[in-house]
There are 2 protein chains.
Amino acid sequence: MVAVRARPIVLEPLAAAEPCAHCDARSYSVCNAIEIKDLERLAAMAVSISVEPGRSFIVEGDPAEHFFNVTAGTAKLFKLLPDGRRQITGFAGTGHFLGLAVSSVYAFGAEAVDPMRVCRFSRPKLRAMLDDFPAMETRLLEVASNELVAAQEQMLLLGRKTARERLASFLIARASIPTHCVAQAPGMARTVTLPMTRGDIADYLGLTIETVSRTLTRLKADGLIEIPSNGAIVLRDRAALESVAGGLD
Amino acid sequence: MVAVRARPIVLEPLAAAEPCAHCDARSYSVCNAIEIKDLERLAAMAVSISVEPGRSFIVEGDPAEHFFNVTAGTAKLFKLLPDGRRQITGFAGTGHFLGLAVSSVYAFGAEAVDPMRVCRFSRPKLRAMLDDFPAMETRLLEVASNELVAAQEQMLLLGRKTARERLASFLIARASIPTHCVAQAPGMARTVTLPMTRGDIADYLGLTIETVSRTLTRLKADGLIEIPSNGAIVLRDRAALESVAGGLD
DNA sequence: CTGCTGCCTTGACGCAGATCAAGAGCGGGG
DNA sequence: CCCCGCTCTTGATCTGCGTCAAGGCAGCAG
């Protein structure tokens, strides 16, 4: 196992509309602003890439030449301090759009958490596409607005919540991601799958690995969750978790 | 002095293009995507409002009926937990656009820090305007992208930086706001004015008032800053501050 | 002038979470 | 099968920042 940090391998350019029309991610993503008849043009500019776990496909500070669209798997997005401290600013799952930045360089890095597939677009080409299809730009603004709201929520978490509240908030938020939970009834999802490590969770919540581990153990002892395996957590008392996440009791 | 929390008073609807064409904020703001000949239409839908210090003009959870554009003064944007813990997610100065949210309710509150003027737009009207002028939507996406980058930077600060690093970062960031510093040469601004209280700074940086006060005192003792008055700080050693802000030494 | 009211500073002390350290579980390779 | 490497858990101790408490100081009203 050598040179894992090398650039990901380009697999196939998408020649026809086919791949976009049948893409799993389309219904979640910005692409759904494009009508089927125009999908061919979108497909022509996209390049499908697979990224293996641990490999990074966006490097903070590199020239921002591409946009990405996640079609499978999960990425962690992060910023680093020179001494190695890391803050994960978000996890990008299926349908997530990456690379929004006016600047000429990426403001964050991105690395695959599990086996991923992404669609890659060149910035100038996507810009041209946006000029031709204002609906897509509207959709993009919508996405950006939602992320802004999520970012504000995360600032509240990082600035003002306790470790216990952070973990509860994290689990509740994860439970509402369709891809990553086994839904019983709407809003009643019980089992949350966590593709990322404890270290990733710690860096996302502004804590250490040890505190994450201890806090999960305590939530389990309190009967709020079960931990069947490292990659899964069962929400036993969702109402109580929500109340903890909101800063009550 | 009673009922300070009441709704702000509407002053004058803007009848002609005049006020927009001569607006101090136009060059900073999204409005500069609109050509002069179309400004009249923009002016027709705007309502100019003045907000006195301490008065809130956006309430978290209220129906999101309006967008705002700051034309003078500074607002603090914040989220609250039920027990009163507060996280200020940003300060909005002249030219800042507020209210981006797909949701039907505001995701944050906004309160004037100093005497403010804002332009208010109804959401449906602005939506119609955006459909007619895609350039404005493009500009808005640009603004949203920049805020997203700033939000990620703030997450790094809140999740991973020490109190000293947070204050240094805050002062450096403030120094690059044209309205709030006395610029000597480009990038060489020395005096930063701080319209907000220590409590506001604390809630912005995820600290307490006491820690903000102590940390500023220590930065002063170390010769990095001077504190001529409560509302102003002189950056004596900008390079050293930048290095502290970046997590070095 | 005096007293009041906010805001800020400073000091003493406590605690949530970080750090340091030692296993425990577990999957993969030989 | 055992060994190795990795992640996770758990315990002991430390510490940066929060909490509690006591003034200082400037602006304003009377």
Side-chain angles (χ1 to χ4, degrees), chain A residues 1-2 4 52-54 76 81 83-87 113-114 157-170 193-222 225-233 244 247 249, chain B residues 1-2 4 52-54 76 81 83-87 113-114 157-168 170 193-222 225-233 244 247:
Chain A
M1 195 78 83
V2 283
V4 180
E52 53 194 81
K76 50 189 172 198
L81 287 172
D83 65 1
R85 278 175 286 174
R86 183 180 69 158
Q87 179 65 37
V113 166
D114 50 15
L157 180 150
L158 292 170
R160 290 297 178 220
K161 289 188 182 178
T162 65
R164 187 178 173 86
E165 289 162 359
R166 292 179 202 205
L167 262 302
S169 304
F170 176 67
T193 67
L194 302 175
M196 69 292 291
T197 67
R198 297 284 188 269
D200 290 338
I201 298 173
D203 282 351
Y204 180 56
L205 300 179
L207 301 169
T208 59
I209 294 185
E210 294 93 326
T211 299
V212 169
S213 182
R214 269 188 261 272
T215 306
L216 285 176
T217 302
R218 204 145 76 77
L219 287 174
K220 184 174 71 174
D222 295 346
I225 61 171
E226 275 164 39
I227 311 180
S229 79
N230 277 342
I233 287 186
V244 172
D249 50 21
Chain B
M1 196 77 82
V2 283
V4 179
E52 54 196 79
K76 50 189 172 197
L81 287 172
D83 64 0
R85 278 175 286 173
R86 184 180 67 158
Q87 178 64 37
V113 166
D114 50 16
L157 180 149
L158 292 170
R160 291 298 178 219
K161 290 188 183 178
T162 65
R164 188 178 172 87
E165 290 162 358
R166 292 180 201 206
L167 261 303
F170 176 68
T193 66
L194 302 175
M196 70 291 292
T197 67
R198 297 285 188 267
D200 290 338
I201 298 173
D203 282 350
Y204 180 56
L205 300 179
L207 301 168
T208 59
I209 295 186
E210 294 93 326
T211 300
V212 168
S213 182
R214 270 188 261 272
T215 306
L216 285 176
T217 302
R218 204 145 75 76
L219 286 174
K220 183 173 73 175
D222 294 346
I225 61 171
E226 275 165 41
I227 311 179
S229 79
N230 278 341
I233 287 186
V244 171

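Note: hydrogens, waters and symmetry copies are ignored here, and every other heavy atom, side chains too, is used. Letters A, B, ... mirror the listed sequences (proteins, then strands); counts begin at 1.
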Kindly say whether [Y] contributes a backbone atom to a donor-acceptor pair with the side chain of [X] at under 3.5 angstrom?
X	Y	value
R198(A)	N230(A)	yes
R166(B)	L158(B)	yes
T215(A)	T211(A)	yes
T217(A)	S213(A)	yes
Q87(A)	Y204(A)	yes

In whole angstroms, how far is the [atom2] atom of [N] from the [atom1] atom of [X]?
X	N	atom1	atom2	value
I227(B)	dA26(D)	CD1	P	14 Å
L167(B)	dC17(D)	CG	P	10 Å
L157(A)	dG17(C)	CG	C1'	15 Å
R160(A)	dT19(D)	CZ	C1'	13 Å
M196(B)	dC8(C)	CE	P	11 Å

For DNA chain D, which residues of residues 207-220 of chain A approach it to below 4.0 angstrom with any heavy atom?
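Only I209(A), E210(A), S213(A), R214(A), T217(A) qualify.
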Worked verdict on D203(A) versus R160(B) for salt bridge (Lys or Arg N to Asp or Glu O under 4.0 Å)
CA-CA 8 Å; D203(A) 282 351; R160(B) 291 298 178 219; 2.7 Å; yes
Restricting both atoms to N or O, compile the protein contacts to nucleotides 5-7 of chain D shorter than 3.5 Å, with distance only.
none

Does K76(B) form a salt bridge (Lys or Arg N to Asp or Glu O under 4.0 Å) with D114(B)? I'd like the steps, not just the answer.
CA-CA 10 Å; K76(B) 50 189 172 197; D114(B) 50 16; over 6 Å; no
So G206(B), base contact, sugar-phosphate only, or nothing? Heavy-atom distance under 4.0 Å.
sugar-phosphate
Non-neighbouring partners of K161(B) that pass salt bridge (Lys or Arg N to Asp or Glu O under 4.0 Å), sequence neighbours left out
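So K161(B) forms no salt bridge (Lys or Arg N to Asp or Glu O under 4.0 Å) with any residue.
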